[in-house]
Every structure is written in structure tokens, then in C-alpha cells.
> 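The structure under discussion is supplied below as C-alpha cells; questions concerning it will follow.
Numbering of residues begins at 1 and proceeds along the displayed sequence. Order of appearance sets the numbers: ligands from 1, and atoms from 1 within every ligand.
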Amino acid sequence: MATKDSLTIVDNRTGKSYEVPISDGSIKAMDLRQIRTGPEDFGLLSYDPAFTNTASTRSKVTFIDGDKGILWYRGYPIEQLAEKTTFLEVAYLILQGELPTQKQLDEWTWQVTHHTWVHENVKKFMDGFHHDAHPMGMFISTVAALSTFYPDAKVNADKGRRDLQILRLVAKVPTIAAFAFRHILGQAYAYPDNDLSYVGNFLNMLFKTTELKYKPEPAIERALDVLFILHADHEQNCSANAMRAIGSSEVDPYSALAGAAAALYGPLHGGANEAVLRMLRSIGSNARIPEFIRQVKGGEAKLMGFGHRVYKNYDPRAKIIKKMADEVFAVTRPSPLIGIARELEKIALEDEYFVSRKLYPNVDFYSGMIYEALGFPVEMFPVLFAIPRTTGWLAQWQEMRDDPEQKIARPRQLYTGYTQRDVVPMGKRG
Ligand code: CMC
């Protein structure tokens, strides 16, 4: 008799029955391989384009319950982390598994702060980009170029060496992002200021001009810090999967992280907040919202910043950002789009079309308006996402490197091309 924690599969092609163990609510795809029609048969494969129902790893980093609208990093609810911690505490938590003690935080902060500088040749490398180069393209290429500055990163089986690269990456991505921003403005780069916080220093490198000492506005510094916390990790999304897949070849983490950032660059992933801004601008006024909603329901438009593959409830990150928007707009010019966004959300949340499809605001609905109010052009939005997500990518990479079940990522395919055929000489090809 079959055990309770198993699945009995009957292959109707052969009439044979198989018992496959179930553990953690899953079966192992490799257990299907034994199901064959005969000795020539390779064995049964599972087919899952886009991995919509395939767990590719065990992970202890981030948990999402999409139905309940829950997001935890290492077990801590995102709401508590956003209220009670700083980004560097969260980065430590995500990478090390526990929140730091004061002593550990001081040491971590000192280490990160003292790795923020980049080699002068990195700066020269960035100078080579065209004046209107996209900052995300610069970010991706420069992170990849870091691998040439740290050839020791090639050997990453050793945890000590890995930790050093992690530190370098967490510390240097704000510098690279800020240099990319200054490059498109045609302004001289501002060097890191080690007296400032992680985010305070980033703001300094972005916005410092002639003042001797840049002083970040505390409300803005805190708002950006919270946005960094909210974007630090999101389990096995497209870019985390890219980080793991590339890293599984044992390449250095700079090259793998450049690949992850490239995955983030796409409009279906890190680019939606820009689309929200464009949508709100095109709606233009509250009076035009009903007409826009009609278009969405008619399939002529999409309500950008709404809906999520995993969340079928209010994205917990969106709730926090919505609340924070007022605090930011109190010290910046309020976004002219916020009134339209709030009214649009109100109408959508009461409308049967959105309610029945469980479409709620996601993280991108309000974040773009805050970035805009902070003075960022839309091209910088994915870069602002990539800075905190670097921590998540590195935690996923580190977990993958330590996991004895992981190997080089190598999916199977269902071949649909020709069977063998012979090459026809050039003169006889039709
Ligand atoms: N506006 C209008 N209708 C929508 C929307 C939307 N934003 N999202 C989904 N739907 C409809 C969709 O047309 C479908 O309707 P029907 O059943 O009648 O065909 C139904 O809802 C289910 O949608 P789906 O396309 O099967 O859902 P999905 O899980 O494949 O897509 C999504 C998720 C995020 C790609 C999608 O909701 C979307 O395109 N949203 C707008 C873009 C956006 O805000 N993206 C940011 C995601 S959060 C950032 C991140 O994690 O990267």
C-alpha cells in the first residue's frame, strides 16, 4: 500500500503504476524519469516554461504569501523592518541570516563605508559612455567590468573570499549608480563621503555641488532608506533566478550580478514604475479616470502598477510606500500626479473587474512618484531598484553556492525541430 506522503501515478501508456514521494508539498522532477515506455525511452519530463509551478531551490531568505499579502525577510515582516530598522541592518540580515547586534552593525557599517571608493580606472571606463547613455546600461557594464579589477573573485569556493566580494559589491553599487547619474548630467563625479550613512552618502554622490559638506535632508534620507529596504529581495523572481543560473557556472559574482541587473532592466520586471508615471501623465486629470478605466476593462489599456504574479492581495510594499508618500511630499514639491493616483486606486478597488481578478496596487504604483519628487529622471528608476536588490542577489548567490543539492543550471527542452537530415550541396539547394 502507498504511504500517505506519496503520489501514485499510473502511466496509461503502459498500465504501470509508480509511487513518488511527496516532501514539502512537492515531488522531485527527477522521480518522473523512471516512468518510461521502454528501454529506448528517455523517461518522463515535466514541462514548465517560465517555471510557473517549479521550485528551483530551497531557500531561507525571503517568504511571500501572495494570497495574504505577506512578505518576510528571514522571518521578519517587511512592515516591522521598514519601521524599525535601517537598510544596512536589513542587508546584514538578508546576507547573514540574523539582525546584527550594535557591535556587528558598527563593524558592518565601517566595512561597507570603507569599500565605497572605486578604482580611478573605473571612473575612466565610465567616461567612455556616450553622453545620453542609459544609466542602467552603464550600471550593468560597470559592475561586469569590476570583475577585471578583482580577478581574485574568480575563485569563489572559499567563503572568506566570497564575503570580500559581497562587501565590495554592496559598498560600490551606490557609487557606480551615482557616477552613471552624474555622467548623464554632464557633471563631475562626487566622491563618497565616509561620514554619511549608506543612503546619505548616495545622495551626496548624486546631488553635491559646490557646498563643502553635503547635508542630506533627513526625511528624504529616511524615505530612500525605506525604499531600499522594500526592494532588498523578493525570492525567486526573474533577476534572482538569473543570478543563481549564471552563478551556478561558478563564474565570479561581478559577472553574475551584471546578468541579474540585466534581467531587472526589462519593462516586465524593474521597469513598471516608469510605465506608471507615463500612464498617470497621459490620464492627466481626475475627470479622465472613468474613460481610462473603461479602456482598461475593454482591453485597450493596462492599469500599470496593478496586479502581480504572486500577490493576489494588496502588495505589502505598496501599503508602506503609499503612507510614506505624504512624508516625502511634505519636504519636496508634491507630485502633481498623486491626486490622480489616489482617485484611480479608489475607483479600481471598488470596481468588479479589478476585484474579481484580485488586482491590487503593487510596489510600483507609488514608488515612481516618490522617485520623481526626489529629483530622479525615469531612466534612473531601475538603477535605484538595483542598488538594494544587489543584497538580495548576493544572498541568493551565496545560498546557491553553499547548497549541496545545487549544480550548474541546465534545463531540458522538448525538441520540436527536424529529425536528422543530410546537407544538400550549395548548387542543389532550392
Ligand atoms: N490592468 C488590467 N488588467 C490586468 C492587469 C492590469 N494591470 N493585470 C492583470 N490584468 C488582468 C488580465 O488581463 C487578466 O484578465 P482576463 O482573466 O480577463 O484575461 C487577469 O487580470 C489575470 O492577469 P494575468 O496577465 O494572467 O496575470 P499575470 O500574473 O500573468 O501578470 C503582471 C502579472 C504583473 C505581469 C500583470 O498584472 C501586469 O502586467 N501588471 C501591470 C504591470 C506591473 O505593474 N508590473 C509590476 C509588477 S511588481 C514589480 C516586480 O515584482 O517586478
> Salt bridge or not for E291 and R288, using N-O below 4.0 Å?
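Result for this pair is no, no salt bridge flagged.
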
> Identify the closest protein heavy atom to atom 27 (O) of ligand 1: which residue and atom is it, and at what distance?
K312 NZ, 4.8 Å

> What protein heavy atom is closest to atom 18 (O) of ligand 1, reported as residue, atom name and distance in Å?
R357 NH2, 2.9 Å

> Can you find an N or O of D364 that's nearer than 3.5 Å to an N or O of ligand 1?
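Between D364 and ligand 1, no N or O pair is found under 3.5 Å apart.
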
> Please assess Q187 against F181 for the test side-chain contact (heavy atoms from CB on, under 4.5 Å), listing each intermediate value before the final yes or no.
CA-CA 9 Å; Q187 289 181 0; F181 178 70; 6.0 Å; no

> Return the residue, atom name and 0.1 Å-rounded distance of the protein heavy atom closest to atom 40 (N) of ligand 1.
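Ranked first by proximity to atom 40 (N) of ligand 1 is F306 O, 2.9 Å.
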
> Test H234 against every option in Y311, F63, Y73, W393 by the ring-ring contact (aromatic ring centres under 6.0 Å, His included) rule and name the one that passes.
Y311

> Among all protein non-hydrogen atoms, which one is nearest to atom 47 (C) of ligand 1, and what is the separation to 0.1 Å?
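Nearest neighbour among protein heavy atoms for atom 47 (C) of ligand 1, to 0.1 Å: N362 ND2, 3.6 Å.
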
> Kindly give the heavy-atom pair with the smallest separation between D326 and R342, and that separation in Å.
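In terms of heavy atoms, the two residues are closest at OD1-NH2, 3.1 Å.
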
> What are the two closest non-hydrogen atoms of M304 and A275, and how far apart are they?
CE-CB, 3.7 Å

> Taking 4.0 angstrom as the limit and counting only heavy atoms of G307, give me the atoms of ligand 1 inside it, by number and element.
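Reading through ligand 1 atom by atom, the close ones are 34 (C), 37 (O).
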
> Quick check: does R317 get an N/O under 3.5 Å from an N/O on ligand 1?
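There is no such contact.
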
> Consider only side-chain N and O atoms of E221 and S197, and report whether a donor and an acceptor are under 3.5 Å apart.
yes

> Answer yes if a protein heavy atom lies under 4.0 Å from atom 43 (C) of ligand 1, otherwise answer no.
yes

> Under a 3.5 Å cutoff, is there a donor and acceptor pairing between the side chains of N241 and Q396?
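The criterion, which ignores hydrogens and geometry beyond distance, is not satisfied for Q396 and N241.
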
> I'd like to check the ring pair (Phe, Tyr, Trp, His ring centres under 6.0 Å) partners of F149; sequence neighbours left out, ordered by chain and number.
H119

> Decide if atom CZ of F51 counts as having more than 12 heavy atoms of other residues, nucleotides or ligands within a radius under 6.0 Å.
no

> Of the backbone atoms (N, CA, C, O) and the side-chain heavy atoms from C-beta on, which set of L359 has a member under 4.0 Å from an atom of ligand 1: side chain, backbone, both, or neither?
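It is the side chain that gets close, since no backbone atom is under 4.0 Å.
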
> Closest non-hydrogen protein atom to atom 39 (O) of ligand 1, residue and atom name please, with distance?
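Going atom by atom, the protein heavy atom closest to atom 39 (O) of ligand 1 ends up being K302 NZ, 2.5 Å.
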
> Going by the atom numbers of ligand 1, which of them fall below 4.0 Å from some non-hydrogen atom of V296?
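In order of number, 2 (C).
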
> Identify which of A50, A272, P267 has a heavy atom lying nearest to atom 45 (N) of ligand 1.
A272

> Which bit of F365 is near ligand 1, meaning a heavy atom under 4.0 Å away: side chain, backbone, both or neither?
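It is neither; nothing of F365 touches ligand 1.
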
> Taking only heavy atoms of R309, which atoms of ligand 1 are found under 4.0 Å from at least one of them?
28 (P), 29 (O), 30 (O), 33 (C)

> Nearest to atom 51 (O) of ligand 1, what protein heavy atom do you find, and at what distance?
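Answer for atom 51 (O) of ligand 1: H308 NE2, 3.4 Å.
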
> Under a 3.5 Å threshold, yes or no: a donor from one side chain and an acceptor from the other, between T57 and Q406?
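Yes - a donor-acceptor pair under 3.5 Å links their side chains.
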
> In the protein, what heavy atom is nearest to atom 50 (C) of ligand 1, and what distance, to one decimal place, separates them?
H269 O, 3.9 Å

> May I ask you to list the atoms of ligand 1 that are less than 4.0 angstrom from any heavy atom of G305?
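Matching atoms, with element in brackets: 43 (C), 44 (O).
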
> Measure from atom 22 (C) of ligand 1 to the protein's non-hydrogen atoms and state whether any distance is below 4.0 Å.
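Under 4.0 Å from atom 22 (C) of ligand 1, zero protein heavy atoms found.
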
> Between R13 and D41, which heavy-atom pair has the shortest distance, and what is it?
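That would be NH1-OD2, 4.3 Å.
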
> Restricting to side chain to side chain donor-acceptor pair (under 3.5 Å), what partner residues turn up for N53, sequence neighbours left out?
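With neighbours one apart ignored, the set is empty.
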
> Say whether L303, considering both its backbone and side-chain N or O atoms, lies within less than 3.5 Å of an N or O atom on ligand 1.
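Such a contact does occur with ligand 1.
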
> Which heavy-atom pair separates T85 from D225 by the least distance, and what is that distance?
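Of all heavy-atom pairs spanning T85 and D225, the closest is O-OD2, 4.3 Å.
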
> Is a side-chain donor-acceptor pair under 3.5 Å present for Y254 with Q165?
yes

> Considering all protein heavy atoms, does one lie under 4.0 Å from atom 30 (O) of ligand 1?
yes

> Backbone or side chain, does any N or O of H234 fall under 3.5 Å from an N or O of ligand 1?
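N/O-N/O distance below 3.5 Å does not exist for this pair.
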
> Quick one: does atom 7 (N) of ligand 1 have a protein heavy atom under 4.0 Å from it?
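Under the 4.0 Å cut-off, atom 7 (N) of ligand 1 does have protein heavy-atom neighbours.
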
> Take atom 37 (O) of ligand 1 and look for protein heavy atoms under 4.0 Å from it; say yes if you find one, no if not.
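Yes, there is one.
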
> At what distance is the nearest protein heavy atom to atom 13 (O) of ligand 1, and which residue and atom is it?
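The closest heavy atom on the protein side is Y353 OH, 3.8 Å.
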
